[in-house]
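Okay, structure first, notes after.
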2 protein chains.
Amino acid sequence: MSPYDPSAFPPFAVTVDLVVLTVRQHALCALSVRRGEPPFQGRWALPGGFVRADEDLSQAAARELAEETGLHAQNGAHLEQLATYGDPQRDPRMRVVSVAHLVLAPDLPAPRAGGDARSARWAPVETLLAEGGQEAPGELPPLAFDHSRILSDGVERARSKIEYSSLATAFCPPEFTVGELRRVYEAVWGVALDPRNFHRKVTGTVGFLVPTGGTTTRQGGRPAQLFRAGGATLLNPPMLRPEV
Amino acid sequence: MSPYDPSAFPPFAVTVDLVVLTVRQHALCALSVRRGEPPFQGRWALPGGFVRADEDLSQAAARELAEETGLHAQNGAHLEQLATYGDPQRDPRMRVVSVAHLVLAPDLPAPRAGGDARSARWAPVETLLAEGGQEAPGELPPLAFDHSRILSDGVERARSKIEYSSLATAFCPPEFTVGELRRVYEAVWGVALDPRNFHRKVTGTVGFLVPTGGTTTRQGGRPAQLFRAGGATLLNPPMLRPEV
DNA sequence: GCAAAAGTGTTTGATCTACACCCATGG
DNA sequence: CCATGGGTGTAGATCAAACACTTTTGC
């Protein structure tokens, strides 16, 4: 059998699933949607959907993101491919290969899913990934399909990538303070960082932050300088993540 | 339209493509195979093939690797998923989504493709990625499909991953010297490293190298200690890649 | 002996950590 | 005036770069 005989390939469905992360109230949160139909009806899952016949994978991811959250990737949010999941048993109905994407977004957007706000929500990743044990009120068992695994991989990617890239700024609004950026790192890593050393580090890395000239006191205390993300995408030297 | 209506999804073919890297004669080389049929007949391409109906993606990659090279992933070689490529135009015949995998292998194996040695070969990645310009004798235009892009992504992944993991040992035979490991880094990064500092660094990182007790003079000069890869997979602190 | 590669020691500079200290606002 | 967060200075530890030097083999 020729390896490229078009009549010989088994048919697959291809989907994109989205790990959409944001930082709210000092916690790393992910977007989840409630499934309205079997399988896993009523369970929480990652947003996603089928790739259309004429769409590239990243286009499909951006479209699903806009449809399910109103977020547009070019508007500050960051979108990248995460990994692909193709276990033959991962969907009980048919053979589905899912190309997961990772989105890092600022806190601004309120979730919406087809106009039904109750069927989409932000939840702390610790809550979504807590398996077994008693659930908090309103919490439900692990995510549908293999979405716990996908979410876990996405969180791990985000945690490691903010070490050596400027991606943490994708969690911030267009203008932000050093303290706000530090609280992003603290929320994503789940650690406390020294504010003094953090300030010196990020302001000393050329191309990371650009002062806008403005200041704000929205965090209280002495007015803080406002910054925009600079052009640099790679941090050298990297931010050091404290030992656990 | 329901997003999970089984009758509504467009059909895709799903393949795995392999970026198989090794170090030979102080150069980073990739495995390429000559295409025997259209499209791109006669051109070089990455090895790969269709995912079968009952196979996981990593199983398919391991199977293709064994079929096309005789390499077995558990035998020292490293296999990991790289990225997925799904441009609607990437294959002129039909909609194909390819899940690329990255393989790092020691130099030992001679390539074979269905018994036909002439249709598979190792070539320096610089040669395979050199686009345009005059080709050396026996060289051909860029790889088929989007395989130049895939190879380029795989090389970039390997270059960055040996910084902070012990993966460089996957390029070495089961027992190797510090100098051999250093020449792996030099070939993959295309730089010269200080042998003294390199030696101190790798032997000082706990869990990276385990001395076997043996020595060898296969590189000439004073006999060198032989090592096996230790259990550690993450290098902390990382190997520092010199500025270009 | 000489070339070649292995391995050790030492100096210097960069950088991270920890913490003392001052600054500018709101209440 | 005081609590709160923003920002600077500085001493010690740690680590990497550079390079002089010794060791052990093959020829």
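Throughout, a chain's letter reflects where its sequence line sits, starting with A, and its residues are numbered from 1.
For D:dT10, the OP1/OP2 oxygens have no side-chain nitrogen or oxygen of A:R196 closer than 4.0 Å. OP1 and OP2 of D:dT10 both lie 4.0 Å or more from every side-chain N or O belonging to A:R200. Taking 4.0 angstrom as the limit, B:H199 places none of its side-chain polar atoms (N or O) nearer than this to OP1 or OP2 of C:dA6. Regarding contacts with the backbone of C:dT15, every side-chain N or O of A:K201 stays at 4.0 angstrom or more from both OP1 and OP2.
One interatomic measurement links the two molecules: CG of B:N236 to C1' of C:dC16, which rounds to 14 Å at whole-angstrom precision. The nearest whole Å value for the distance from the CG atom in A:N197 to the P atom in D:dG6 is 14 Å. Atom pair A:R241:CZ and C:dC16:P shows a separation of 17 Å (rounding to whole Å applied). With rounding to whole Å, A:Q225 atom CD is found 13 Å from D:dT8 atom C1'. Atom CD in B:Q219 sits about 14 Å away from atom P in C:dA4, given to the nearest Å. A:L240 has its CG atom 11 Å from the P atom of D:dC15, to the nearest Å. If you take CZ of B:R218 and C1' of C:dA6, they are 14 Å apart, rounded to a whole angstrom. B:E180 places its CD atom 12 Å from the P atom of C:dA5, with the value rounded to the nearest Å.
Not a single donor-acceptor contact under 3.5 angstrom links the side-chain atoms of A:R222 to the base of C:dA24.
When the nearest nucleotides of DNA chain D are assigned to A:T177 and B:G221 by heavy-atom distance, the more 5′-ward of the two goes with A:T177. Two residues, A:G220 and A:D194, neighbour DNA chain C, and the one matched to the more 5' nucleotide by heavy-atom proximity is A:D194. Each of B:R183 and A:P223 was assigned the nucleotide of DNA chain C with the nearest heavy atom; the assignment lying further toward the 5' end belongs to B:R183.
Heavy atoms only, all atoms of each residue included: A:S166 and A:A232 are closest at OG-O, 2.8 Å. Closest approach of A:S98 and A:D17 over heavy atoms only: OG-OD2, 2.7 Å. When all heavy atoms of B:V188 and B:F171 are compared, the closest pair comes out as CG2-CE1, 3.9 Å.
Taking the six-membered ring for Trp, A:F227 and A:F176 have ring centres at least 6.0 Å apart.
Looking at heavy-atom distances under 4.0 Å, A:P195 makes no contact with the nucleic acid at all.
Under 4.0 Å is where a charged nitrogen must lie from a carboxylate oxygen, and between A:R157 and A:D153 no such pair does.
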